[in-house]
> 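So that we are looking at the same thing, I have put the structure below in structure tokens.
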Protein chains: 2
Amino acid sequence: MQTVDKAVELLGYFSERQPEFGLSELARTVGFDKASTRRLLLALIKHDYIEQNPTTKAYRLGIGVLRLARVRETSTPTEAIVNPLLQKLVAITGESAHFSLLSGGRISSVGIVESSKSNRISFVQGEEGAIHATSSGIVCLAFSSDESINEVLKDGLEAFTEHTITDARQFRKMLQAVRNEGYHINHELYEKDVCSIAAPVFNQAMRPIGALAVAAPTSRFGSGAKKQILTAVYEAAAAASRAFGAEIDGSKL
Amino acid sequence: MQTVDKAVELLGYFSERQPEFGLSELARTVGFDKASTRRLLLALIKHDYIEQNPTTKAYRLGIGVLRLARVRETSTPTEAIVNPLLQKLVAITGESAHFSLLSGGRISSVGIVESSKSNRISFVQGEEGAIHATSSGIVCLAFSSDESINEVLKDGLEAFTEHTITDARQFRKMLQAVRNEGYHINHELYEKDVCSIAAPVFNQAMRPIGALAVAAPTSRFGSGAKKQILTAVYEAAAAASRAFGAEIDGSKL
DNA sequence: AACTAATGGTGATAATAGTGAACCGATATG
DNA sequence: CATATCGGTTCACTATTATCACCATTAGTT
């Protein structure tokens, strides 16, 4: 089923940042041969999971994916579970909250509720973040398999700010801490003046499917606010996990 | 890439009506060997497009599909295009309107705006309809390839009401009429006392990706209402097609 | 309790599939 | 007008996948 792996890996490369690819471009980024890439694309096009712009020849995700999402959402609602939790997080903390999915070694936010404050952290729907520098990515990774962790490490840890952890040993140590504590507090690892707290959301199989997080400007991230956010995020994530069928023991806090 | 075809075909069997499958059950319905089915599922699970309920062992669509839909929706909005048109249709006609997707030989509604009248036609999000008996299915099929048409015909045309067209020749004739006129008026072909009018929505490649439709009880489906609905649906569908990049000539009406 | 018929899942060989370098025509870019 | 890209295709070479028989387990029946 390695062919399926490849097809599915292909789909994973389409993102908010790059929703369209030329054939050669896609083959290059994915690392497959042009001929193979084309064949995979044709197979996906046949089923409407990819479509091609007839004028630019560029490939992008097709309408088929909408049907899948609808079916999934109708049978096992995710937005319906997550959105109220996000609303509540914003109400309690006054800061922007978001839900990110871990899928195919990528982390991308799929639910966002923004703070009403004028100086707030804004996210873009579907935007991907560096898995090793965002609190959402870090908590997911901490509870993922060793392979997933090695996968991230092998490409090196890109520095986004002066605080980004780029040393593999130090990074593993941090993951261990996250595993023990069940959350992560991010102090400007990804972006200057942005702090965030995230806790993992598990599914029925106790795999981390994503994370709930609240982000705030550093200026509003005092120890009092931090505690409040931490408690709120942790409880929301536990509630989400329970809603997804995971069996979460009492608070670790 | 026949393996990819199979994997993708598998995904197509998950629906609103049946969102979960046991292994044997799925292998039977799809027509693959149990071992093959399992391997395909494993490949899809690896990438989060399928997940398994650890207690019941049942397979269902995974969270991965949500990411794809988000990416697609952010880069090439569909809901954002279709919803206002549906709202407008309801405002003009006073009846329920919906947008259905044609994907993998199935027709399923992905956008619904209901009439405010108490006696209205209600749809379920993601529900599939018979492609040969719903106006949405018929208009899509009319502009689809011969293979698609033959695919539908080869399984026979199930009768849902006394008006359902079950004769293949008669059905082809109807499709030809739809091709000429650009719409279809459905008089209780699918459900007693329910009439509807649908027009196809095309994408940039001029393939029918779905249909916009308005449905009403037969009692409110007089010739005056019919004309009004037809015009509104036809124009809305043309607008949608244009928004998707299709080049639609002036009104055929 | 023994029997039957499902279920989910697996492993080894027979049968079939996918891969990729080279190539084509077309369109830019210098 | 030479070079380099693009999207797309071909065919000799090579890998993968299908199938069937089988196992362990569960549920219902006699």
Side-chain angles (χ1 to χ4, degrees), chain A residues 1-15 17-62 75-76 104 145 203-207 245, chain B residues 1-14 17-62 75-76 145 203-207 245:
Chain A
M1 304 294 121
Q2 305 160 216
T3 337
V4 177
D5 280 326
K6 290 185 180 177
V8 161
E9 198 186 330
L10 247 191
L11 289 176
Y13 279 91
F14 291 87
S15 68
R17 249 183 267 162
Q18 186 154 12
E20 283 200 347
F21 286 89
L23 176 56
S24 303
E25 188 184 15
L26 185 56
R28 234 182 293 114
T29 37
V30 182
F32 302 155
D33 188 88
K34 223 170 35 156
S36 301
T37 308
R38 180 105 214 293
R39 279 186 295 252
L40 291 169
L41 285 169
L42 285 179
L44 292 167
I45 286 173
K46 193 157 74 184
H47 297 269
D48 290 321
Y49 293 116
I50 291 285
E51 62 186 29
Q52 187 178 23
N53 184 321
T55 56
T56 68
K57 301 286 181 184
Y59 299 92
R60 59 171 171 229
L61 292 174
S75 62
T76 50
S145 66
N203 70 0
Q204 215 160 7
M206 290 306 282
R207 273 201 2 148
Chain B
M1 303 293 121
Q2 304 162 216
T3 334
V4 177
D5 279 327
K6 290 185 180 175
V8 161
E9 198 186 331
L10 248 191
L11 288 176
Y13 279 90
F14 292 88
R17 250 183 268 163
Q18 185 154 11
E20 283 201 347
F21 286 89
L23 177 56
S24 303
E25 188 184 15
L26 185 56
R28 232 182 294 113
T29 38
V30 182
F32 303 156
D33 189 88
K34 224 171 33 156
S36 303
T37 308
R38 181 103 214 294
R39 277 189 298 254
L40 290 169
L41 285 170
L42 286 179
L44 292 167
I45 285 173
K46 194 157 74 181
H47 297 270
D48 290 322
Y49 293 116
I50 290 284
E51 62 186 30
Q52 186 177 25
N53 184 322
T55 55
T56 67
K57 302 285 179 185
Y59 299 91
R60 59 169 172 230
L61 291 175
S75 61
T76 50
S145 66
N203 70 1
Q204 215 160 8
M206 289 306 282
R207 272 200 4 146

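A, B, ... follow the sequence lines: proteins, then strands. Residue 1 opens every chain.
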> In this structure, how many angstroms lie between the P atom of C:dT19 and the CG atom of A:Asp5, rounded?
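Computing the A:Asp5:CG to C:dT19:P distance gives 11 Å.
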
> What is the separation between atom CZ on A:Arg60 and atom P on D:dG7, rounded to the nearest whole Å?
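After rounding, the reported distance stands at 15 Å.
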
> Rounded to whole angstroms, how far apart are CZ on A:Phe32 and P on D:dT16?
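Atom CZ in A:Phe32 sits about 14 Å away from atom P in D:dT16.
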
> Between A:Lys6 and C:dT19, does any side-chain N or O lie under 4.0 Å from OP1 or OP2?
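It does, given that an N or O in the side chain of A:Lys6 lies less than 4.0 Å from OP1 or OP2 of C:dT19.
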
> Taking only side-chain N and O atoms of A:Tyr59, does any of them lie within less than 4.0 angstrom of OP1 or OP2 on D:dG8?
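Looking at the OP1 and OP2 atoms of D:dG8, one of them is under 4.0 Å from a side-chain N or O of A:Tyr59.
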
> May I ask you to verify if any side-chain N or O of B:Ser36 is less than 4.0 angstrom from the OP1 or OP2 atom of D:dT17?
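It does not, given that no N or O in the side chain of B:Ser36 lies less than 4.0 Å from OP1 or OP2 of D:dT17.
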
> Hey, is the side chain of A:Gln52 poking within less than 4.0 Å of OP1 or OP2 on D:dG8, counting only N and O atoms?
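For D:dG8, OP1/OP2 do have a side-chain N/O of A:Gln52 under 4.0 Å.
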
> Side chain of A:Ser24 only, please: which of D:dG8, D:dT10, D:dC6 is the nearest?
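Of the candidates, D:dC6 comes closest.
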
> At their closest point, which heavy atom of A:Gly245 faces which heavy atom of A:Gln204, and how far apart are they?
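Closest approach of A:Gly245 to A:Gln204: O-CG, 3.5 Å.
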
> Can you name the nearest heavy-atom pair linking B:Thr37 to B:Ala27, along with the distance?
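That would be OG1-CB, 3.4 Å.
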
> On DNA chain C, check which nucleotide each of B:Thr56 and A:Leu40 is closest to and give me the residue with the more 5' one.
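The residue whose closest nucleotide sits nearer the 5' end is B:Thr56.
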
> How would you list, by chain and number, every residue that makes a side-chain hydrogen bond (donor to acceptor under 3.5 Å, both in side chains) with B:Asp5, sequence neighbours excluded?
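In terms of side-chain hydrogen bond (donor to acceptor under 3.5 Å, both in side chains), with neighbours along the sequence ignored, B:Asp5 is linked to A:Lys46, A:His47.
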
> Which sits closer to the 5' end of DNA chain D, A:Met1 or A:Arg38, going by the nucleotide each is nearest to?
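Looking at DNA chain D, the more 5' nearest nucleotide goes with A:Arg38.
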
> Go through D:dC11, D:dG8, C:dT10 for me and flag the one nearest to the A:Arg39 side chain.
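Side chain of A:Arg39 sits closest to D:dC11.
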
> Among B:Val4, B:Thr3, B:Leu11, find the residue that satisfies the side-chain contact (heavy atoms from CB on, under 4.5 Å) test when tested with B:Leu40.
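Result: among B:Val4, B:Thr3, B:Leu11, B:Thr3 is the only option passing the side-chain contact (heavy atoms from CB on, under 4.5 Å) with B:Leu40.
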
> Which residue, B:Tyr13, B:Phe14, B:Tyr59, forms the ring-ring contact (aromatic ring centres under 6.0 Å, His included) with B:Phe21?
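Exactly one option meets the ring-ring contact (aromatic ring centres under 6.0 Å, His included) with B:Phe21, and it is B:Phe14.
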
> Reading DNA chain D from 5' onward, which residue's closest nucleotide shows up sooner: A:Gly22 or B:Gln2?
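Its nucleotide being nearer the 5' end, the pick is A:Gly22.
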
> Let's test your reading of the model: under 3.5 Å, does the base of D:dG7 pair with the side chain of A:Lys34 as donor and acceptor?
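When only heavy-atom distances are counted, A:Lys34 does reach the base of D:dG7 through a donor-acceptor pair under 3.5 Å.
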
> Without decimals, in angstroms, what is the distance between A:Leu42 CG and D:dG8 C1'?
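Taking CG of A:Leu42 and C1' of D:dG8, I get 10 Å after rounding.
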
> Rounded to whole angstroms, how far apart are CG on B:Leu26 and C1' on C:dT7?
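Computing the B:Leu26:CG to C:dT7:C1' distance gives 14 Å.
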
> Below 4.0 angstrom from OP1 or OP2 of D:dT17, is there any side-chain N or O of A:Thr3?
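True: A:Thr3 side-chain N/O within range (under 4.0 Å) of D:dT17 OP1/OP2.
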
> Taking the side chain as everything from C-beta on, heavy atoms only, tell me whether B:Ile50 gets closer than 4.5 Å to B:Leu10.
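They are not in contact (no side-chain heavy atoms under 4.5 Å apart), so the answer is no.
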
> For A:Phe21, answer base if it contacts any base atom (sugar-phosphate contacts may also be present), sugar-phosphate if it contacts only those atoms, and nothing otherwise; contact means non-hydrogen atoms under 4.0 Å.
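Touches nothing.
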
> When you measure from the side-chain N and O atoms of A:Arg28 to the phosphate of D:dC6, is any distance below 4.0 Å, counting only OP1 and OP2?
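Indeed, a polar side-chain atom of A:Arg28 lies that close.
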
> Rounded to the Å, how far apart are B:Leu41 CG and C:dT7 P?
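Taking CG of B:Leu41 and P of C:dT7, I get 15 Å after rounding.
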
> Of the nucleotides D:dT19, D:dT9, D:dC11, which one has an atom closest to the side chain of B:Asp33?
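Looking only at heavy atoms from C-beta outward on B:Asp33, the closest nucleotide is D:dT19.
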
> Nearest whole Å is fine: how far is D:dC6 P from A:Glu25 CD?
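Taking atom P of D:dC6 as the reference, CD of A:Glu25 is at 8 Å.
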
